[in-house]
Amino acid sequence: MAPTRDILMKFYDAMAKAYGKQHWWPADNPFEVMVGAVLTQNTNWKNVEKAIENLKAAEVMDPFKLHALSQASLASLIKPAGYFNVKAKRLKNLLAWFCEQHDGSFEAIAQYHTYALQEALVNIKGVGRETADAIILYAFNKPTFVIDRYTHRILTRHGLIDMEASYDDMKQLFEGCLPDDLALFNEFHALIVQVGKNHCKPKAKCEGCPLEQFAHCVNPESF
DNA sequence: GACCAGGCACATC
DNA sequence: GATGTGCATGGT
């Protein structure tokens, strides 16, 4: 077995043992996944939940209703998620793509090959690599590995990649070593976020981290 | 009050 | 290409 794959699977098993099944993405349906993926950009999920509650309470958590809403009204509803003016614009861009170009049909978009969907999503202003991959994996159920800040931190702290590694470097590390398995990619990223939240903050000590047994944190004080 | 959060686009050099 | 900056609320 390839060494890196062996290490990654040990990480996965240790995290799964510590935290169990994650049941990601925390949303009622694929559309909510798309909305949540934009709202959570550089934002604590708790704040996103408040914004989503506002949308549901206003009865606009629906592709065409949200698309019909003015940007100002949308911004007002998603305020708790922060960056509300920026995110309202980004959501409108995503909704225009989804509703106008694909008639709000997940089935139509699901016909895309993963790489084509990746490209289409990233071409939407406000959708970057991570948001695109999160939507592809958790809304469209296509196996692609999602890289986020926690992934970068965990990989660098355990010496699996260097600080300057790009998004693609990290993505390739996982996708090149692991089997192309939807359930595995789904759980792996969710577990990384769980471990990251609890043990991998910039100034947090790594005590109790399920990955502590494999390697120490290189620089937990500053990054 | 400072720091952090499941990024991204854009300006500037 | 790479480096810096604005965007903003809410929890610790």
Side-chain angles (χ1 to χ4, degrees), chain A residues 11-12 15 19 22-27 30 32-55 71-72 74-97 118-139 144-157 162-171 174 185-209 211 217 219-223:
Chain A
F11 276 31
Y12 178 80
M15 293 191 296
Y19 287 106
Q22 298 299 297
H23 304 288
W24 264 38
W25 182 285
E32 267 189 50
V33 174
M34 291 207 304
V35 173
V38 170
L39 292 179
T40 197
Q41 289 171 354
N42 201 35
T43 301
N44 189 300
W45 183 255
K46 287 286 178 193
N47 288 2
V48 176
E49 284 182 330
K50 296 176 201 294
I52 289 176
E53 279 312 304
N54 285 350
L55 294 174
Q71 193 176 300
L74 180 54
S76 169
L77 288 168
I78 63 173
K79 220 164 209 172
Y83 305 129
F84 48 84
N85 288 315
V86 174
K87 287 175 179 174
K89 192 173 294 181
R90 291 176 179 179
L91 279 174
K92 295 291 278 182
N93 293 341
L94 178 58
L95 288 161
W97 173 80
Q118 163 96 237
E119 195 178 338
L121 285 167
V122 168
N123 279 330
I124 299 167
K125 293 292 178 199
V127 178
R129 300 299 307 277
E130 181 185 341
T131 305
D133 281 335
I135 290 171
I136 293 167
L137 178 61
Y138 294 108
T144 196
F145 209 93
V146 181
I147 304 299
D148 68 346
R149 186 180 306 185
Y150 292 131
T151 312
H152 186 212
R153 235 178 240 158
I154 288 171
L155 290 179
T156 53
R157 285 186 178 189
D162 48 61
M163 282 291 292
E164 294 73 32
S166 69
Y167 187 94
D168 278 323
D169 290 337
M170 293 184 275
K171 192 174 172 64
F174 288 97
F185 287 5
N186 181 318
E187 284 299 307
F188 212 138
H189 174 67
L191 284 164
I192 284 172
V193 173
Q194 185 65 31
V195 168
K197 278 181 181 173
N198 292 320
H199 306 285
C200 221
K201 294 189 175 225
K203 290 175 183 172
K205 294 184 179 174
C206 301
E207 287 169 14
C209 179
L211 300 180
C217 287
N219 189 7
E221 300 304 321
S222 60
F223 175 71

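Below, read A as the first sequence line, B as the second, and so on, with proteins coming before strands; counting in each chain starts at 1. Keep in mind that the numbers below use all heavy atoms, side chains included, and drop hydrogens, waters and symmetry copies. Given the structure is predicted, the values throughout are model-derived calculations rather than measurements.
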Among [options], which nucleotide has an atom closest to any side-chain atom of [X]?
| X | options | answer |
| --- | --- | --- |
| A/Pro202 | B/dC4, B/dC8, C/dG11 | B/dC4 |
| A/Gln41 | C/dG10, B/dC8, C/dA8 | B/dC8 |
| A/Tyr83 | C/dC7, C/dG10, C/dT9 | C/dC7 |
| A/Arg153 | B/dA5, C/dA8, B/dC8 | B/dA5 |
| A/Lys125 | B/dA5, B/dC10, B/dC8 | B/dC10 |
| A/Arg90 | C/dT9, B/dA9, B/dA5 | B/dA9 |

Could you say whether A/Gly128 or A/Asn47 is positioned toward the 5' end of DNA chain B, judged by the nucleotide with the nearest heavy atom to each? A/Asn47

Atom [atom1] of [X] and atom [atom2] of [N]: how far apart are they, to the nearest Å?
| X | N | atom1 | atom2 | answer |
| --- | --- | --- | --- | --- |
| A/Ile52 | C/dT9 | CD1 | P | 18 Å |
| A/Lys87 | B/dG7 | NZ | C1' | 8 Å |
| A/Arg149 | B/dC3 | CZ | C1' | 12 Å |
| A/Leu77 | C/dT9 | CG | C1' | 15 Å |
| A/Lys197 | B/dA5 | NZ | C1' | 10 Å |
| A/Lys201 | C/dT12 | NZ | C1' | 8 Å |
| A/Gln194 | B/dA5 | CD | C1' | 15 Å |
| A/Lys50 | B/dA5 | NZ | P | 18 Å |

Distance in Å, A/Arg157 CZ paired with A/Leu155 CG, rounded so as to fall on 0.5 Å steps: 12.0 Å

Using a 4.0 Å heavy-atom cut-off, does [X] contact any base of the nucleic acid, only the sugar-phosphate backbone, or nothing at all?
| X | result |
| --- | --- |
| A/Ile78 | nothing |
| A/Lys79 | sugar-phosphate |
| A/Val38 | nothing |
| A/Asp148 | sugar-phosphate |

So, OP1 or OP2 of C/dT9: does either fall under 4.0 Å of a side-chain N or O from A/Thr43? no

Any side-chain N or O of A/Asn85 under 4.0 Å from OP1/OP2 of C/dA8? yes

Taking atom types as modelled, is there a side-chain donor on A/Lys171 or A/Thr144 under 3.5 Å from an acceptor on the other? yes

For A/Tyr19, does its backbone N or O pair with a side-chain atom of A/Gln22 as donor and acceptor, under 3.5 Å? yes

Would a distance-only check, ignoring hydrogens and angles, find a side-chain to backbone donor-acceptor pair under 3.5 Å from A/Thr156 to A/His152? yes

Once the angle between the rings of A/Phe145 and A/Phe188 is folded into 0 to 90°, is it parallel (under 30°), tilted (30 to 60°) or perpendicular (over 60°)? perpendicular

Gap in Å between the two C1' atoms, one belonging to C/dT3 and one to B/dA5, rounded: 22 Å

Is the CD atom of A/Gln71 crowded by more than 12 outside heavy atoms at less than 6.0 Å? yes

